[in-house]
Asker: 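Just dropping this structure here.
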Amino acid sequence: MLASVLWILMMGFFAGQLARRLVAPPLIGMILVGIILGPQVRNVISSDVLGAADELRSLAVMIILMKAGLGLDREKLSQQGTVALRLGFLPAATEAIAIAFTAMIIFKFDFPTGLLLGCVIGAESPAVIVPGMLRLKSLGWGVTKGIPDAILTGSALSDVLLLLVFSLLLSFLGDGGVEQIVLPGGFTLTALQLLPFQIIMQILLGVLFGYLTARLLVLLLIKQKWAQNIVQDTVIAASLALLLVIVAHALPYFSGYLAAMAMGFFLIELDAPLARRLRGGFDSLWIVAEIFLFVLLGATIQLQVLEKILLPGILILAIGLLIGRMLGWYLSTLGSNWNWRERLFLLPGNSAKATVQAAIGAIPLSQGIAGGEIILAIAALSILITAPLGAWATMTFAPKLLTKGEVDPTKVTVATRTLFLAAVDTSSLATEVLTKVADLARRSNGEAIVLHVVNTLNQQNIQQIEEQSKQLLSDITYEFLTVTGVIPEEIIRIAQEYCVTAIVMGKRGHKPWEQVLIGSVSQAVLEASLIPVIVLENREHNATLDFRF
């Protein structure tokens with residue numbers, strides 16, 4: 001089992017990075033590795049790991065939905081009115097119905113079996129859509145109108161709808177009829193008639209439990225301070241979110257995945273600093289979870305059943321997407337402030353299939369439902385076609401179809417490089433400057449540039465500064481630069497060229513004429529630099545700091 005885990009992690013990681021270097025989504029490499037490592041080709045993944053694939057997928061989906069919730073923007077969602085709600089129901093429903101009628105013609109299915117196929121194929125993949133939408137938010141594409149937020153929320157709601165209908169149809173086709181429920185007074189209702197109430201209950205209870213869990217988390221981590229660092233914060237938050245998913249599986253009265261997403265959303269409202277820390281923690285968890293999710297996804301794809309239904313399967317997917325789902329997209333955005341380009345973006349941004357199809361695609365076959373083999377094959381085909389295509393098309397067409405707005409760093413993880421510029425001369429203050437830069441870099445996991453502006457070339461002095469830098473910054477990634485020119489101008493130029501976080505420099509030299517020189521340099525940099533400057537002043541060998549922003 002450990003060997004299988006090693007194969008999944010190592011091969012999945014490097015295949016994903018290779019795909020990234022080829023300007024393709026990493027999940028393409030991971031899915032291909034899963035196919036190769038799985039029972040269809042090399043069969044090196046143990047049966048124990050494959051047997052736990054559903055549980056591992058649930059864990060990965062929980063992580064990505066927590067990331068989605070921690071990235072939602074309440075103000076942007078409220079601006080959209082009912083668009084997000086309509087996106088949660090109409091595109092999935094119209095695609096499922098279009099697929100059902102097409103399957104009746106091509107495969108001679110009856111309507112319930114065709115709709116069962118439509119529910120499997122119509123569900124959207126959070127594992128593909130969520131990272132894509134969060135990436136767009138971090139870059140600012142579509143954020144002004146809240147388009148990524150609407151797609152994130154809609155994809156979560158659509159899965160609630162289709163999974164409920166799927167469960168109902170599975171029971172109907174398996175038992176040969178629709179279950180009836182007798183109410184007080186002798187009234188009877190079928191499960192189909194109760195479906196709207198079930199959907200509303202799943203959503204409302206999911207949101208409620210997500211809110212209560214978010215409040216519990218704030219109580220534990222902020223008020224009671226049970227955790228001491230971000231790792232412990234993330235472990236506790238992930239455990240509570242996973243508990244929601246597990247309880248929902250045992251007591252299917254609410255959507256556990258929706259509850260996990262709602263938990264992340266309410267954390268932003270209840271304690272924004274905690275939400276920001278958890279955002280970084282779940283980013284780290286997703287690095288590992290993504291590999292397991294897509295490699296195991298590839299390992300479960302049944303290649304041998306694709307040959308028979310390849311062309312009809314592609315036709316069904318095309319009709320469901322280009323006719324059924326596009327009708328739903330049109331109805332969802334009718335009356336909104338979205339222009340035609342933004343509506344067209346839903347084609348790449350809201351059509352990927354992967355996680356749900358892998359989780360439920362084989363269930364009809366395992367329960368002996370007629371047409372189950374065809375349903376499984378088309379589910380696998382939908383993953384192979386739409387998952388990589390959707391991931392690639394989202395990032396490719398977003399700049400062409402969406403308007404770029406201002407990024408809100410309180411809702412997404414903004415990857416910034418922390419880089420300090422140590423401007424040093426040959427005085428004793430060079431040691432203090434380098435020591436301060438090393439301390440700042442360690443605290444922020446940053447990097448450093450050591451800059452020495454040369455007026456008179458003295459190789460011995462330069463070598464001395466290099467040795468000092470090597471000794472004091474031994475555990476810091478740094479670059480040593482020497483340039484010639486006017487000292488203040490060169491310090492500011494290098495700082496701007498490298499986009500440094502802050503400039504650290506000394507104020508006084510160790511000789512009277514150097515005191516005048518260095519003092520004037522620090523003053524000139526302070527007055528001219530748009531980048532924050534930290535000045536270390538040595539008065540009678542006592543170091544003080546002068547911060548200027």
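Side chains are part of it too, since the values below use all heavy atoms of this structure and drop only hydrogens, waters and symmetry mates. Being a predicted model, the structure only gives us computed values, none of them experimental.
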Asker: Tell me which one of T153, I147, I151 satisfies side-chain contact (heavy atoms from CB on, under 4.5 Å) with M133.
Answerer: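 That would be I151.
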Asker: Quick check for you: to the nearest 0.5 Å, what is the distance between L59 atom CG and L285 atom CG?
Answerer: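 So the CG of L59 and the CG of L285 are separated by 8.0 Å.
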Asker: When you look at CZ of F101, are more than 12 heavy atoms from neighbouring residues, nucleotides or ligands closer to it than 6.0 Å?
Answerer: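 Not buried by this count: 12 neighbours or fewer within 6.0 Å.
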Asker: Just wondering, are more than 12 heavy atoms of other shown residues or ligands nearer than 6.0 Å to CG in L2?
Answerer: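 No - once you tally the heavy atoms of other residues, nucleotides and ligands closer than 6.0 Å, there are 12 at most.
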Asker: Hey, are the side chains of F282 and I64 touching, using non-hydrogen atoms and a 4.5 Å cut-off?
Answerer: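 Result no, sub-4.5 Å side-chain heavy-atom pair not found.
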Asker: What is the distance from atom CD of E75 to atom OG of S78, rounded to the nearest 0.5 Å?
Answerer: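 Rounded to the nearest 0.5 Å, the CD-OG separation comes out at 6.5 Å.
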Asker: According to the salt bridge (Lys or Arg N to Asp or Glu O under 4.0 Å) rule, which pairs have a member within residues 34-63, sequence neighbours left out?
Answerer: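 Only D54-R57 qualify under salt bridge (Lys or Arg N to Asp or Glu O under 4.0 Å).
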Asker: Would you say that P399 contacts W141 through its side chain, given a criterion of any heavy-atom pair below 4.5 Å between the two side chains?
Answerer: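 Yes; the side chains approach each other to less than 4.5 Å.
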Asker: Only one of L168, I363, L173, I99 passes side-chain contact (heavy atoms from CB on, under 4.5 Å) with L116; say which it is.
Answerer: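 Only match with L116 under side-chain contact (heavy atoms from CB on, under 4.5 Å): L173.
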Asker: Within a strict 4.5 Å, meaning less than it, do heavy atoms of the Y257 and P126 side chains meet?
Answerer: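 Of all side-chain heavy-atom pairs linking P126 with Y257, none is under 4.5 Å.
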Asker: Around atom CZ of F111, are there more than 12 heavy atoms of other residues, nucleotides or ligands at under 6.0 Å?
Answerer: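 Yes, because the 6.0 Å sphere around CZ of F111 holds more than 12 heavy atoms from other groups.
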Asker: Heavy-atom distance under 4.5 Å between the side chains of F89 and S332, does that happen here?
Answerer: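 Side-chain contact under 4.5 Å: no.
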Asker: Do W329 and R343 come within less than 4.5 Å of each other through their side chains, counting heavy atoms only?
Answerer: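 SC-SC contact between W329 and R343 ruled out.
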Asker: Do M104 and D110 have side chains that get closer than 4.5 Å, going by heavy atoms?
Answerer: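 M104 does not reach D110 side chain to side chain.
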Asker: Return all side-chain donor-acceptor pairs below 3.5 angstrom for residues 286-298, not counting sequence neighbours, or 'none' if the list is empty.
Answerer:
none

Asker: Salt bridge (Lys or Arg N to Asp or Glu O under 4.0 Å) for E342 and K145? Distances and angles first, verdict last.
Answerer: CA-CA 10 Å; E342 291 160 343; K145 294 184 180 179; 2.9 Å; yes
Asker: Find out whether R279 and I268 are in side-chain contact, i.e. whether some heavy atom of one side chain is under 4.5 Å from a heavy atom of the other.
Answerer: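 Counting from C-beta outward, R279 and I268 do come under 4.5 Å.
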Asker: Show every donor-acceptor pair shorter than 3.5 Å between a side-chain atom in residues 201-218 and any protein atom, with sequence neighbours excluded, or say none if there are none.
Answerer:
{"residue": "Q202", "atom": "OE1", "partner": "S255", "partner atom": "N", "Å": "3.3"}
{"residue": "Q202", "atom": "NE2", "partner": "P252", "partner atom": "O", "Å": "3.1"}
{"residue": "Y211", "atom": "OH", "partner": "R215", "partner atom": "NH1", "Å": "3.1"}
{"residue": "T213", "atom": "OG1", "partner": "F209", "partner atom": "O", "Å": "2.6"}

Asker: Just do the side-chain contact (heavy atoms from CB on, under 4.5 Å) check on L90 and Y330 with the steps written out, would you?
Answerer: CA-CA 9 Å; L90 292 175; Y330 173 76; over 6 Å; no
Asker: Nearest 0.5 Å please: distance from the CD atom of Q79 over to the CG atom of D149.
Answerer: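 Taking CD in Q79 and CG in D149, the distance rounds to 9.5 Å.
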